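In this text the structure is predicted, and so the values were computed from the model without any measurement.
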Amino acid sequence: FLIAKYENLIERCVQLVADVPMRVCEEVCRVYKEFSAKLVTPAEDPESVKDVRDHADTIPLTVNQQKVVLDEAYPYLDALEAMRRPLDDALGKLLAAAQFFPRQLEDSNAVVETQNAELMLKFQEDQAAEQDDFWSAAKNLETTVSELGGFTDMDECAGNAGRVEELQKELKE
């Protein structure tokens, strides 16, 4: 009876020791997942590309902060090893995920940066095309407005009024 209680007490102590690195690893993984989700959010415009790049610039800081947090788990893991207790699968997977996340962030960032560079080129090309269209329309309007200076003959007033109404519609567009 006492031996069973003693073994039960030992198991509880071991579980308490194992709970700390489990919570630490869960927290580190949660922070990394949130960070990664924001990092891989698709950019829709140049401002969101800049936001993603600014977020990516904080990768080294986030990784260092999470390494410090993860370091809190190692003494408990060492204690489990000293007690010759193997890590259970859940803790082992969480620990591996927490240790591997910095590499995954770097890989994700490389992919996202390539995508964002392509998006920025597309945005620049679209903007250049829109500017070309704008300047072309402005030139056409300038030509049309300069034609208005030639509408001085009162005999053609009715025809000119129709043309002026067309020009007014074009300007509104």
Can you give the donor-acceptor pairs under 3.5 Å from side chains of residues 128-135 to other protein atoms, not counting sequence neighbours?
none

Hydrophobic clustering (ILVMFWY, side-chain heavy atoms < 4.5 Å, transitive) - are Val111 and Val49 grouped together?
no

Does anything in residues 85-101 form a side-chain hydrogen bond (donor to acceptor under 3.5 Å, both in side chains)? List the pairs, not counting sequence neighbours.
Glu11-Arg85, Tyr74-Gln99

Could you give all pairs that pass the side-chain hydrogen bond (donor to acceptor under 3.5 Å, both in side chains) test and reach residues 29-49, with sequence neighbours left out?
Glu27-Arg30, Arg30-Glu34, Asp45-Ser48

Single-linkage hydrophobic cluster Leu105~Phe100, side-chain heavy atoms < 4.5 angstrom:
no

Closest contact, heavy atoms only, Cys29 versus Ala98
SG-N, 3.7 Å

Excluding Ile3, membership of its hydrophobic cluster (Ile, Leu, Val, Met, Phe, Trp, Tyr; side-chain heavy atoms within less than 4.5 Å) reads none

Less than 3.5 Å apart, which donor and acceptor atoms pair up between the side chains of residues 115-124 and the rest of the protein, not counting sequence neighbours?
unit_1	atom_1	unit_2	atom_2	d
Lys122	NZ	Asp126	OD2	3.0

More than 12 heavy atoms of other residues, nucleotides or ligands under 6.0 Å from CD of Glu81: yes or no?
no

Find out if a path of hydrophobic residues (ILVMFWY) with successive side-chain heavy-atom gaps under 4.5 Å connects Met22 to Val31.
no

Using side-chain heavy atoms (C-beta onward) and a distance below 4.5 Å, is Ile59 in contact with Phe35?
yes

For Pro21 and Leu91, the nearest pair of non-hydrogen atoms, with its separation, is C-CD1, 3.9 Å

Between Val28 and Val69, the two heavy atoms sitting closest are CG2-CG1, 3.7 Å

Measure the CG-CG distance between Asn109 and Leu39 for me, rounded to the nearest 0.5 Å.
5.0 Å

Contact list for residues 52-70, test side-chain hydrogen bond (donor to acceptor under 3.5 Å, both in side chains), sequence neighbours left out
Lys50-Asp54, Arg53-Glu113

